[in-house]
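Report on one structure; see the data block that follows.
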Amino acid sequence: MGVRPVGTELRGRTVLLTGGSSGIGAATAEVLARRGCDLLVTGRDEQALNRVAERTGARALVADLCSPEELRRVAERASHAEVLINNAGIGWSGQLEEMPASEVHRLLTVNLAAPVELTRMLLPAMRARGRGHVVLMSSIAAVGVGGEAVYSASKAALRAFAASLRYELSGDGLAVTTVLPGAVRTPFFQRRGLAYERSFPRMLSAETAAERLVRAVERGREESFLPGWLDLAARFQGALPGTFHHLGRRFGQVR
Ligand SMILES: NC(=O)c1ccc[n+]([C@@H]2O[C@H](COP(=O)([O-])OP(=O)(O)OC[C@H]3O[C@@H](n4cnc5c(N)ncnc54)[C@H](OP(=O)(O)O)[C@@H]3O)[C@@H](O)[C@H]2O)c1
C-alpha cells in the first residue's frame, strides 16, 4: 500500500518563493496571492521584484542565491515558512568544453546547492511544527539533453534529492513536490543565450505552469510534469535508456 499524499491547503500559509522576480516564479506569486498566502519572494532584480511584490502583496527580499551570507539571510527572514518553493534557476547552452568553469559553478550553485541549502535550513522548523511542504523546480531536461549537460545534471540531481528527502520525511506530515516542466514561455531562454526552437513539447504559458505547480502542492503530488504527458517520456527513458537515446538522436531532441 502506498503512502497517502500530503496535500497542503494554502490559504493563510507562509510561503517562501525563490525566483519570484520573473517568469514562472512571478506567475506563481500571483496564483499564491489569490490563494491568500503570506508571501516572501526573492530575486536579484530589485525593480522587478518590487513590481511583483506590489501586485501580490508579497514581501520582497533581494538576494543573490550564490552568496552563502545572503542565502542565510533569506533563511532567517523566512524561518517561519510553511511552504518553500525552490524555483530560481538558470540555464546554459552549448558544448561542455565551451562552458567556463565560473559558469559551471554558478549554475550548480543556483540550481542545486542553493535549494539544497535552503531546504536544509528551513526543515527543522517545519519538522518541529509537524507541517511543511518543499517544492523543487526540476525539468524534463533531467532525462538528459545534448548541449545542456550541466543544466540537465542539476535538474536530475534535484529530482533525486527530492526522492531521497521523501524517505527522510515520510510520516512526519511533511511533503516534497518535484515539478518537471517541458518548455515554458519566460525570459529563461533569452537569458541562457539560445531561443527555444523545438516544436515539441509545445511551450506552456508561465501562468499555466504556475497554476499547475500550485495545484500539485495542494494535492500533495510527488512529481508533476508540465504538461502531464511528459511523464511518459521520463518513464520511457527510465525503462529503455538505450532506445530513448537512439530516438533522441534521430529526432534531434537529444544530441
Ligand atoms: N522556462 C522553461 O521552459 C523551464 C523549463 C523547465 C524548468 N524551468 C525552471 O523553472 C525555474 C524558473 O525559470 P523561468 O523559466 O521562470 O526563468 P526566468 O524567467 O529566467 O526566472 C529565473 C528566476 O531565477 C532567479 N535567479 C537566477 N539567478 C539567481 C541568483 N543568482 N540569485 C537569486 N535568484 C536568481 C531570477 O531572479 P533575478 O533575475 O531577479 O536574479 C528569476 O526570478 C528555473 O529553475 C528553470 O530551470 C524552466
Side-chain angles (χ1 to χ4, degrees), residues 16-31 40-53 56 58 60-75 85-93 102-103 105-118 135-143 145 148 150-159 161-162 177-198 200-210 212-213 216 223-227 230 233-234:
L16 171 61
L17 168 67
T18 68
S21 54
S22 174
I24 300 170
T28 301
E30 305 244 5
V31 179
L40 187 63
V41 290
T42 79
R44 289 166 307 170
D45 182 337
E46 188 169 5
Q47 282 188 351
L49 200 61
N50 283 338
R51 280 197 296 274
V52 172
T56 61
L61 188 50
V62 177
D64 185 339
L65 299 180
C66 287
S67 154
E69 294 75 38
E70 293 183 29
L71 203 57
R72 255 196 307 279
R73 187 165 51 83
V74 170
I85 304 181
N86 287 296
N87 162 72
I90 52 174
W92 197 90
S93 186
S102 57
E103 290 301 315
H105 185 256
R106 194 161 76 94
L107 190 150
L108 291 175
T109 305
V110 178
N111 289 13
L112 182 59
V116 168
E117 187 55 7
L118 265 185
V135 179
L136 295 148
M137 179 58 84
S138 179
S139 163
I140 190 62
V143 300
V145 179
E148 297 184 45
V150 182
Y151 177 74
S152 299
S154 73
K155 296 301 184 181
L158 274 186
R159 190 181 183 197
F161 173 65
T177 294
T178 312
V179 181
L180 301 98
V184 183
R185 202 169 299 105
T186 73
F188 174 87
F189 297 98
Q190 183 198 341
R191 286 180 169 179
R192 76 170 184 182
L194 185 72
Y196 183 74
E197 282 169 345
R198 291 178 181 143
F200 174 83
R202 288 247 286 277
M203 275 192 154
L204 295 180
S205 70
E207 291 70 27
T208 300
R212 294 192 187 164
L213 182 160
E223 295 202 324
S224 177
F225 288 82
L226 312 178
L230 278 178

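Positions are given from 1, in the same order as the sequence printed here. Atoms within a ligand are numbered from 1 in the order they appear, just like the ligands themselves.
- Some N or O of Val184 is nearer than 3.5 Å to an N or O of ligand 1, by distance alone.
- Applying the 4.0 Å criterion to heavy atoms of Pro187 picks out, from ligand 1, the atoms 19 (O).
- The closest side-chain heavy-atom distance from Leu17 to Thr28 is below 4.5 Å.
- Between Phe189 and ligand 1 there is a heavy-atom distance shorter than 4.0 Å.
- Within the structure, the closest approach of Gly182 to ligand 1 falls below 4.0 Å when heavy atoms are considered.
- Residue contact check for ligand 1: Ala209 places no non-hydrogen atom closer than 4.0 Å to it.
- Without hydrogens or angle criteria, Thr18 side chain to Ala88 main chain gives a donor-acceptor distance under 3.5 Å.
- When hydrogens are left out, the protein atom nearest atom 14 (P) of ligand 1 is Thr186 OG1, 3.5 Å; that is the closest non-hydrogen contact.
- Which of Ser67, Gly20, Ala88 comes nearest to atom 25 (C) of ligand 1 through a heavy atom is settled by distance: it is Ala88.
- For ligand 1, the atoms lying closer than 4.0 Å to a non-hydrogen atom of Ala183 are 3 (O).
- Side-chain contact between Ser22 and Asp45 is absent, with no heavy atoms from C-beta onward closer than 4.5 Å.
- Heavy atoms of Ala48 come nearer than 4.0 angstrom to ligand 1 in no pair at all.
- A side-chain contact (heavy atoms from CB on, under 4.5 Å) with Leu226 is found for one member of Val179, Leu180, Ile140 and no other, namely Val179.
- Here the heavy atom of the protein found nearest to atom 44 (C) of ligand 1 is Asn87 O, 3.2 Å.
- Counting only heavy atoms from C-beta outward, the side chains of Phe161 and Leu136 approach each other to under 4.5 Å.
- With Asn111 contributing its side chain and Ile90 its backbone, the two residues share a donor-acceptor pair below 3.5 Å.
- Distance from atom 41 (O) of ligand 1 to its nearest protein heavy atom, with residue and atom name: Arg44 NE, 2.5 Å.
- Taking a cut-off of under 4.0 Å to the non-hydrogen atoms of Ser138, the atoms of ligand 1 that pass are 7 (C).
- Of the residues listed (Ile85, Thr208, Leu204, Asn87), the one engaging Ile24 in a side-chain contact (heavy atoms from CB on, under 4.5 Å) is Asn87, and it is the only one.
- At a heavy-atom distance under 4.0 Å, only side-chain atoms of Ile90, from C-beta outward, approach ligand 1.
- Considering only residues two or more places apart in sequence or on other chains, Glu103 meets the salt bridge (Lys or Arg N to Asp or Glu O under 4.0 Å) condition with Arg106.
- If you check which protein heavy atom lies closest to atom 23 (C) of ligand 1, you get Gly19 CA, 3.8 Å.
- When hydrogens are left out, the protein atom nearest atom 36 (C) of ligand 1 is Arg191 NH1, 3.7 Å; that is the closest non-hydrogen contact.
- No side-chain heavy atom of Thr109 sits less than 4.5 Å from a side-chain heavy atom of Leu65.
- Of the possible polar contacts, one joining the Lys155 side chain to the Met137 backbone as a donor-acceptor pair under 3.5 Å is found.
- Evaluation of the salt bridge (Lys or Arg N to Asp or Glu O under 4.0 Å) rule for Arg159 yields Glu223 as partners, not counting sequence neighbours.
- Side-chain atoms of Tyr151 and Ser139, non-hydrogen and from C-beta on, do get closer than 4.5 Å to each other.
- Distances between N or O atoms of Leu65 and those of ligand 1 include at least one value under 3.5 Å.
- Listed by atom number, the atoms of ligand 1 under 4.0 Å from Ser139 heavy atoms are 6 (C), 7 (C).
- Contact atoms of ligand 1 toward Asp45: 38 (P), 40 (O) (distance under 4.0 Å to a heavy atom of the residue).
- You'll find the side chain of Leu118 reaches within 4.5 Å of the side chain of Leu71, heavy atoms only.
- Which parts of ligand 1 touch Gly23 is read off a 4.0 Å heavy-atom cut-off, strictly below it: atoms 16 (O), 19 (O).
- From the protein, the heavy atom lying nearest to atom 37 (O) of ligand 1 is Ser21 OG, 3.0 Å.
- Heavy-atom contacts of Ala63 reach the following atoms of ligand 1: 32 (N), 33 (C) (cutoff under 4.0 Å).
- Nearest non-hydrogen protein atom to atom 46 (C) of ligand 1 is Tyr151 OH, 3.7 Å.
- An N or O contact shorter than 3.5 Å links Ile24 to ligand 1 by distance.
- An N or O contact shorter than 3.5 Å is missing between Pro181 and ligand 1 by distance.
- Heavy-atom distances between Lys155 and ligand 1 reach below 4.0 Å in at least one pair.
- At the top of the distance list for atom 10 (O) of ligand 1, counting protein heavy atoms only, stands Met137 CG, 3.3 Å.
- Considering backbone and side-chain atoms together, Ser22 places an N or O closer than 3.5 Å to an N or O of ligand 1.
- For ligand 1, the atoms sitting less than 4.0 Å from at least one non-hydrogen atom of Asp64 are 30 (C), 31 (N), 32 (N), numbered in the order shown with element in parentheses.
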